[in-house]
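Ligands are counted one by one from 1 in listed order, and the atoms in each one are counted from 1 as well. By convention here, the first residue in the shown sequence is residue 1.
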Amino acid sequence: MKVEKVNVGLVGLGMVCESHLKAYSTHPNAEVMAVCDLDAARSKEIAIKYGIPRTYTSYKQMLQDQEINTVDITTPTILHSQMALAAALAGKNILCEKPFCLTLTAGQEVCEAARSNGVALMVGESYIFMTSLKQARALIEAGEIGKPQQMRQRFGSWIDRPGVLETDRPVTDDHRGWRIDSKKAGGAGFPWMFDHCVHFFATAEYLMGARIEEVYALKSDIRWMKAAYHVDEGETHVYRPEDSGDIPIITWTYDDPACQGVWMRAETLNGKFDPMYGFSLSMIGDQGMIEVLGEGGRGLQWMGESTHLVLHRKDKKTRTFRFDEGEDDIWQSEVSYYSKAHQNQINELIDALISGRKPGYTGEDGMRDVKTTMAAICSAKEGLPVRVAEVTDIRFARIPETTA
Ligand SMILES: NC(=O)c1ccc[n+]([C@@H]2O[C@H](COP(=O)([O-])OP(=O)(O)OC[C@H]3O[C@@H](n4cnc5c(N)ncnc54)[C@H](O)[C@@H]3O)[C@@H](O)[C@H]2O)c1
């Protein structure tokens, strides 16, 4: 639904919400009219901080607010599709955080409701809005590495900025704790993978310009989720121990048979050391290669200099790029993800709504990356390569939740 000004109601005031709120507050054509959270004190605190006129503890009530034409959903994943569906039925445009849905059926229902109610539906796939990855894509499209053929994604540790994730808010089922519970975070025993793989697969298609066709994932029996949530046992952040499956390596092929990709985990939380921090990747073509930092990334060097993107070209001089866009809100990182990528993403939403065009990453895109994620988890459990087209909710649900 085309609008003259984007009037937002945002629901879910946890870790990611401020990246969205900051972005709206700096855009001349957007205003956050209301925020909603079950935690009334948190809503008040955020409303005061950002000068937001109204607060709600009921999402249903917020949807009746006539001044709001767009809903931003930053609640735990289990609520995404039901909240997005209610927003579509209430005639509101939607930005829904990733992962878009827990089942393909639920995602499809939201996409259809958005279409039949004439509202826009964007999923918050913020990786493809990172400045460094956008630059990598521009170089690939300009032919700088020739025909892209292989992507190697590497996952090193994300290191928190001291104090940022430590708040006085208790960790509960609704705030932060849900992430290690696959019933709320998705993933049938692999909640972390379900929460994050959508980013990795979205990036894999965004840069390769081809669709992922088949996925083969390796399962590890290392149990590490407790440590991931958050660093030191005994600290208040550790919500409760829960065994959780791990997938340290995923490989995939594309619908273009010349292309393939791999994601590899090497992070200290999982007991491995890697001096390249955060997410980074190499993209290899027949005429060159790009190395680039993503979320939480640091440690990329070229000729003794710290850099953010290196472009190696056959018979040409190597070029380097830096993206000094200010600090990341959450990570100790050289590139800005929580601040700048989210801002770029919100700008895309606002520009799409005002011009009446489709946003850069839609509900259908969100569903495709959820489906590829399901394929990876099915593959890890079944011990076989899985074709994305053959994944169904029934096949995914059939797999036992225990991963031992
Ligand atoms: N794109 C990204 O980079 C990125 C980063 C972090 C989180 N996320 C996604 O954003 C979503 C939220 O993550 P988070 O880390 O901010 O979560 P969080 O646990 O920190 O916060 C969730 C908030 O939702 C509120 N809430 C829960 N149920 C509610 C309800 N029924 N009505 C209103 N409020 C309710 C909770 O009180 C809490 O304040 C998740 O889906 C996550 O995957 C995306």
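- Taking the charged nitrogens against the carboxylate oxygens, Glu364 and Arg115 do have a contact shorter than 4.0 Å, which makes a salt bridge.
- We find that Lys147 and Asp256 are joined by a salt bridge, their nearest charged nitrogen and carboxylate oxygen being less than 4.0 Å apart.
- The residues Glu382 and Arg395 are annotated as salt-bridged, a charged nitrogen and a carboxylate oxygen being separated by less than 4.0 angstrom.
- Here atom 22 (C) of ligand 1 lies nearest to Asp174 when heavy atoms of Asp174, Ile78, Asp173, Ile330 are compared.
- Residues Trp263 and Phe201 are not in side-chain contact: their nearest non-hydrogen atoms beyond the backbone lie 4.5 Å or more apart.
- Nearest-residue assignment for atom 27 (C) of ligand 1 (options Pro76, Gly186, Ala185; heavy-atom criterion): Pro76.
- At a cut-off of 3.5 Å, with distance as the only test, a side-chain donor of Ser306 or Glu334 sits close to an acceptor on the other residue.
- The side-chain contact (heavy atoms from CB on, under 4.5 Å) test with Thr372 singles out one residue from Val386, Val391, Val388, and that residue is Val388.
- Contact annotation for Glu125 and ligand 1: no heavy atom of the residue comes within less than 4.0 Å of the ligand.
- Not a single heavy atom of Gln345 sits less than 4.0 Å from an atom of ligand 1.
- Atoms of ligand 1 found under 4.0 Å from any heavy atom of Arg169 (numbered from 1 in listed order, with element): 37 (O), 38 (C), 39 (O).
- By the 4.0 Å heavy-atom criterion, His175 is counted among the residues contacting ligand 1.
- His80 places no side-chain N or O within donor-acceptor distance of the main-chain N or O of Ile73, the cut-off being under 3.5 Å.
- Those atoms of ligand 1 that come under 4.0 Å of a heavy atom in Tyr337, given as number and element, are 1 (N), 2 (C), 3 (O).
- Checked for salt-bridge contact, Arg265 and Asp246 meet the test: a charged N lies under 4.0 Å from a carboxylate O.
- At a 4.0 Å heavy-atom cut-off, ligand 1 touches Met83 through the side chain alone.
- Listed by number with element, the atoms of ligand 1 under 4.0 angstrom from any heavy atom of Val11 are 33 (C).
- Proximity to Tyr338 (heavy-atom distance under 4.0 Å) selects the following atoms of ligand 1: 5 (C), 6 (C).
- There is no side-chain donor-acceptor pair under 3.5 Å between His308 and Gln135.
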>> Under the criterion salt bridge (charged side-chain N to carboxylate O under 4.0 Å, His left out), I'd like the reasoning laid out for Arg322 against Asp324: C-alpha separation, chi angles, the key distance, then a yes or no.
In response: CA-CA 6 Å; Arg322 287 185 64 91; Asp324 292 307; 3.1 Å; yes

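- Using a 4.0 Å cut-off between a side-chain N of Lys or Arg and a carboxylate O of Asp or Glu, Glu348 and Arg357 qualify as a salt bridge.
- Residue-level proximity to ligand 1 for Leu79 is carried by the side chain, the only part with a heavy atom below 4.0 angstrom.
- Ligand 1 has no atom lying under 4.0 Å from any heavy atom of Gly177.
- For the residue pair Tyr338 and Glu18, no side-chain donor N or O sits within less than 3.5 Å of a side-chain acceptor on the partner.
- Near Ser126, with a cut-off below 4.0 Å to any heavy atom, the atoms of ligand 1 are 1 (N), 2 (C), 3 (O).
- In this structure, a donor-acceptor pair under 3.5 Å is absent between the side chains of Gln153 and Thr203.
- Judged by the shortest distance from any of its heavy atoms, Tyr127 lies outside the 4.0 Å radius around the atoms of ligand 1.
- Taking only nitrogen or oxygen atoms, main chain and side chain alike, Val16 reaches within less than 3.5 Å of ligand 1.
- The distance from ligand 1 to the heavy atoms of Pro99 drops below 4.0 Å at these ligand atoms: 43 (O).
- If you look at Phe200 and Phe279, their ring centroids are closer than 6.0 Å.
- Considering backbone and side-chain atoms alike, Tyr59 places every N or O at 3.5 Å or more from each N or O of ligand 1.
- Distances below 4.0 Å separate heavy atoms of Leu13 from the following atoms of ligand 1: 23 (C), 39 (O).
- Which parts of ligand 1 touch His342 is read off a 4.0 Å heavy-atom cut-off, strictly below it: atoms 1 (N), 2 (C), 3 (O).
- Contacts of Thr74 with ligand 1, taken as heavy-atom pairs under 4.0 Å, involve the backbone alone.
- If you look at His80 next to ligand 1, the close heavy atoms, those under 4.0 Å, all belong to the side chain.
- Between Met15 and ligand 1, an N or O atom pair is found at a separation short of 3.5 Å.
- Using a 4.0 Å cut-off between heavy atoms, Arg42 makes no contact with ligand 1 at all.
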